[in-house]
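Below is one structure, written out as structure tokens; comments come after it.
Bear in mind the structure is a predicted one, so any value in this text is a computation, not a measurement. Just the heavy atoms: all of them, side chains too, but no hydrogens, waters or symmetry mates, feed the values below.
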Amino acid sequence: MSLPVNENEIILSVSGVHRTYSDEDDSVDALVDINLDIKRGEFISVIGASGCGKTTLLRLIAGLDTPQQGELRLNGEKITSASPERGYVFQQGGLFNWLTVEQNIASGLKARHVFKQNRNRIPQYIDMVGLSGFEKAYPHQISGGMAQRVAIARALINDPKVLLLDEPMGALDNFTRADLQDKILEIRANTNATMILVTHDVDEALYLSDRVVIMTPRPGRISEIIDINIPHPRNRNGYEFTELRKKLLEKFHLASEQPEPDYVI
């Protein structure tokens, strides 16, 4: 059952964030003046060219990195370190190969020392991600898409206020990817979770998101934020979807600092 959501409540605020990486010889601006407010229950996708700072932004939200300037706040509290309140799903899942599906999902509970009082919830989350019957399987015995479902369940069982998805479908084939996208939408409908997805896939962003954040090539800035006002379920071949795809691809070009190549015939 979906939980009530205050659609106007800002759960996550990113204000004036700059992140620069330096060594003895060079300095690189990864992010410059990032400002973004995300409402409770929203699904946000962040897209842009490789190296534009998408994952850097996600790591800052997760508390795995810190900005030189600006601040990030979750429910009004400044983010200063990693926390289960911000569940993180990596591109390759990051499962423990020596643990079964149910043991991987339980690992976060054990790290927080809350396993005993929450162990009865594990079957619920296995069922939520569609893996009933695979509780005793090890990562090498399941597919890549199933492994990503385990990673999502492992993050969700900690009841995060925000679920951060760092290209979790990037290495999957098209059929598996589409199936996992639908599973993510189902989980969101059942939990009203706030989700932030980093992706290179324009169609994926359009299919899943309430808003799409477009970032410029390095240094990473927010070029534009586009509202996706197409009701679910969305038809990837429908007129509205196709028109938004054209618009988004055009915005990508406008956001690019690379000149259009000249073709001579």
Side-chain angles (χ1 to χ4, degrees), residues 2-20 29-48 52-89 155-156 158-167 184-185 187-189 191-199 202 204-232 244 247-248 251-252 254-255:
S2 296
L3 302 175
V5 172
N6 180 351
E7 295 181 351
N8 295 315
E9 182 182 359
I10 302 298
I11 187 172
L12 178 68
S13 180
V14 182
S15 305
V17 163
H18 292 243
R19 184 64 174 101
T20 300
D29 290 325
L31 296 173
V32 175
D33 195 27
I34 302 296
N35 296 279
L36 179 64
D37 287 333
I38 296 175
K39 297 175 184 176
R40 186 178 300 279
E42 270 196 300
F43 195 117
I44 301 292
S45 285
V46 182
I47 62 175
C52 73
K54 302 186 299 295
T55 293
T56 298
L57 176 58
L58 214 63
R59 286 177 56 82
L60 289 170
I61 295 171
L64 299 173
D65 195 2
T66 53
Q68 281 92 1
Q69 296 181 42
E71 63 179 21
L72 303 94
R73 291 184 177 272
L74 181 66
N75 279 342
E77 296 185 8
K78 189 173 181 179
I79 296 173
T80 58
S81 61
S83 166
E85 288 189 333
R86 283 155 273 127
Y88 201 112
V89 179
L156 285 173
N158 287 314
D159 297 319
K161 293 182 172 62
V162 177
L163 183 65
L164 307 173
L165 303 162
D166 191 0
E167 298 194 68
I184 287 173
L185 286 176
I187 291 169
R188 185 200 175 195
T191 65
N192 280 327
T194 305
M195 300 187 181
I196 305 173
L197 169 72
V198 161
T199 181
V202 168
E204 183 168 88
L206 289 174
Y207 189 70
L208 295 173
S209 308
D210 298 312
R211 290 189 292 159
V212 174
V213 176
I214 303 175
M215 296 189 66
T216 66
R218 186 179 296 166
R221 295 183 173 89
I222 293 178
S223 169
E224 189 166 354
I225 300 175
I226 296 179
D227 293 322
I228 312 300
N229 296 315
I230 305 175
H232 290 286
L244 264 177
K247 178 182 178 181
L248 198 53
K251 296 295 182 181
F252 254 131
L254 293 174

Mind checking whether [X] and [Y] have side chains closer than 4.5 Å, heavy atoms only?
X	Y	result
P67	L72	yes
L74	I11	yes
L163	I187	no
L248	I214	yes
H18	L31	no
Y207	I184	no
V46	I196	yes
E204	I47	no

Practice problem: For Y88, check ring pair (Phe, Tyr, Trp, His ring centres under 6.0 Å) against everything at least two apart and list the hits. | Solution: F90
Exercise. Evaluate the side chain to side chain contact (heavy atoms under 4.5 Å, CB included) criterion for residues R221 and M215: first the C-alpha distance (whole Å), next the side-chain angles of each, then the deciding distance (0.1 Å), finally the verdict.
Key: CA-CA 5 Å; R221 295 183 173 89; M215 296 189 66; over 6 Å; no
Return the minimal non-hydrogen interatomic distance between [X] and [Y], and the atom names on each side.
X	Y	answer
S209	S45	OG-OG, 2.5 Å
D37	E42	O-OE1, 4.3 Å
P84	N158	CB-CB, 4.0 Å
G41	T194	N-OG1, 2.7 Å
V32	P219	CG2-CB, 3.6 Å
P160	G87	CB-N, 3.5 Å

Kindly compute the distance separating [atom1] ([X]) from [atom2] ([Y]), expressed to the nearest 0.5 Å.
X	Y	atom1	atom2	result
L164	L12	CG	CG	8.0 Å
E71	S15	CD	OG	5.5 Å
R86	S81	CZ	OG	6.5 Å
T80	R73	OG1	CZ	10.5 Å
I44	L165	CD1	CG	12.5 Å
D166	R59	CG	CZ	9.0 Å

Self-check item: Name of the residue among D33, N35, L60, I61 meeting side-chain contact (heavy atoms from CB on, under 4.5 Å) with V17
Solution: L60
Practice problem: Using side-chain hydrogen bond (donor to acceptor under 3.5 Å, both in side chains) as the criterion, list what pairs up with S83, not counting sequence neighbours. | Solution: none
Self-check item: Partner set under side-chain hydrogen bond (donor to acceptor under 3.5 Å, both in side chains) for K161, not counting sequence neighbours
Solution: E85
Practice problem: List the steps, then state whether side chain to side chain contact (heavy atoms under 4.5 Å, CB included) holds for L57 with K54. | Solution: CA-CA 5 Å; L57 176 58; K54 302 186 299 295; 6.0 Å; no
